[in-house]
Amino acid sequence: GSTWNAAAARELMKIWTNSFGKSIDLVISNNDEMALACIASENFPKGLPVFGFDANASVEKAITSGLMTGTVTQNTDSQALALLFLVRNMCDGFLDSAVYTQGFSHGDKYGNKISTPFVYYNDSRSLLVSNTAINKDNWNEYMQNAHNSQISKVQSSRVKLLLSVYNSNNDFLNQNF
């Protein structure tokens, strides 16, 4: 392991390929940049399956050419859309399960529905949008945001809202918008 550092990943991959050669079965990286660095390392075995994480645009060529096997997206666009749907549903006066079903498990009043799979946990009141595997077969669809392409923009009533995001373990998220 490395700590999300591409240079360290490249160096470690060089050491591993020099030590273990073709006995390495696959590479799974903490992020896409580390995956690319592994592929670029000295003596990297051609055809070795390599997976990254984040689905950054920087890996498009490596994935579409087959140099990199795949990556995983956290569906940040769907996470943001889910947050907006939740807020809108609460501003529209929905209560109970309607807050997390309108626009999720069935279409909202405009016909909009998030197509990315999600799970709602009532005990913790949390909504988790699923990660999605990306490979050369679905890269273009992912990059075009086709999974949420049916969401239409509509003009709805205006509300004043304070959105406060807080996570006691991460100062980066302690912000108001």
Side-chain angles (χ1 to χ4, degrees), residues 4 26-36 49-66 68-177:
W4 291 269
L26 71 120
V27 175
I28 301 173
S29 297
N30 288 342
N31 65 36
D32 289 335
E33 299 309 315
M34 290 173 59
L36 291 173
V50 178
F51 297 88
F53 192 85
D54 290 330
N56 291 329
S58 61
V59 297
E60 176 180 13
K61 189 174 183 179
I63 288 176
T64 57
S65 71
M68 189 169 149
T69 310
T71 185
V72 175
T73 176
Q74 297 180 59
N75 287 315
T76 54
D77 56 336
S78 292
Q79 289 179 25
L81 190 57
L83 178 61
L84 293 174
F85 274 27
L86 290 170
V87 169
R88 193 217 44 224
N89 288 344
M90 288 185 273
C91 289
D92 285 349
F94 289 114
L95 302 173
D96 302 323
S97 65
V99 171
Y100 59 86
T101 59
Q102 293 290 320
F104 295 94
S105 57
H106 60 276
D108 65 9
K109 63 184 177 184
Y110 307 107
N112 294 323
K113 181 181 170 195
I114 294 177
S115 60
T116 304
F118 72 93
V119 177
Y120 181 78
Y121 295 99
N122 198 39
D123 59 330
S124 61
R125 299 181 68 168
S126 58
L127 181 79
L128 302 177
V129 176
S130 298
N131 292 344
T132 302
I134 305 295
N135 58 35
K136 66 181 177 180
D137 296 330
N138 64 354
W139 179 265
N140 287 332
E141 178 184 333
Y142 166 72
M143 288 305 291
Q144 294 168 5
N145 195 20
H147 59 281
N148 284 320
S149 61
Q150 75 281 6
I151 303 297
S152 59
K153 295 179 182 177
V154 294
Q155 185 67 36
S156 59
S157 58
R158 293 184 161 284
V159 296
K160 293 182 180 183
L161 171 73
L162 169 66
L163 176 61
S164 181
V165 180
Y166 176 75
N167 179 334
S168 63
N169 295 322
N170 184 340
D171 289 336
F172 173 74
L173 292 177
N174 297 341
Q175 300 179 27
N176 291 321
F177 302 95

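Note that the structure is a prediction, hence the values are computed from the model and not measured.
Between the side chain of S29 and the backbone N or O of G52 there is no donor-acceptor pair closer than 3.5 Å. For the pair T73 (side chain) and A55 (backbone), a donor-acceptor distance under 3.5 Å is absent. Between the N31 side chain and the E33 main chain, a donor and an acceptor come within less than 3.5 Å of each other. A donor-acceptor pair under 3.5 Å is formed between the side chain of Q79 and the backbone N or O of Q74. The backbone N or O of Y100 lies less than 3.5 Å from no partner atom in the side chain of N89, so there is not a single donor-acceptor pair. Checked by atom type and distance alone, the side chain of N138 pairs as donor or acceptor with a backbone atom of A133 at under 3.5 Å. At distances below 3.5 Å, not a single donor-acceptor pair connects side-chain atoms of D108 with backbone N or O atoms of Q102. Of the possible polar contacts, none joining the N56 side chain to the D32 backbone as a donor-acceptor pair under 3.5 Å is found. With hydrogens and angles disregarded, a donor-acceptor distance shorter than 3.5 Å links the side chain of T69 to the backbone of V50.
Counting only heavy atoms from C-beta outward, the side chains of I28 and F53 never approach each other to under 4.5 Å. T132 is not listed as a side-chain neighbour of Y142, based on a closest heavy-atom distance of 4.5 Å or more. Residues K109 and D92 meet the side-chain proximity criterion, which asks for heavy atoms closer than 4.5 Å. Annotation: side chain of T101 is not in contact with side chain of Y120 (no heavy-atom distance under 4.5 Å).
Nearest heavy atoms, M34 versus N30: SD-CB, 3.9 Å. Between S78 and V129 the shortest heavy-atom distance is CB-CG1, 3.8 Å. Listed here is the closest heavy atom pair of S65 and A62: OG-O, 3.3 Å. Across every non-hydrogen atom of W139 and A57, the tightest pair is CZ2-CA, 4.3 Å. Closest of all the heavy-atom pairs between D54 and T71 is N-OG1, 3.5 Å.
In this structure, CG on L83 lies 9.5 Å from CG on L127, to the nearest 0.5 angstrom. The structure places OG1 of T76 at 11.0 Å from CG of L81, a figure rounded to the nearest 0.5 Å. D137 contributes atom CG, which lies 10.5 Å from atom CG of N140 (distance to the nearest 0.5 angstrom). Going from atom CD1 of I63 over to atom CG of N135 covers 8.0 Å, rounded to the nearest 0.5 Å. In this structure, CE on M68 lies 5.5 Å from CG on L36, to the nearest 0.5 angstrom. Here the CG atom belonging to N112 is positioned 11.5 Å from the CG atom belonging to L84, to the nearest 0.5 angstrom.
In this pair, F104 and F85 present their aromatic rings perpendicular. The plane angle is above 60°, beyond the 30 to 60° band.
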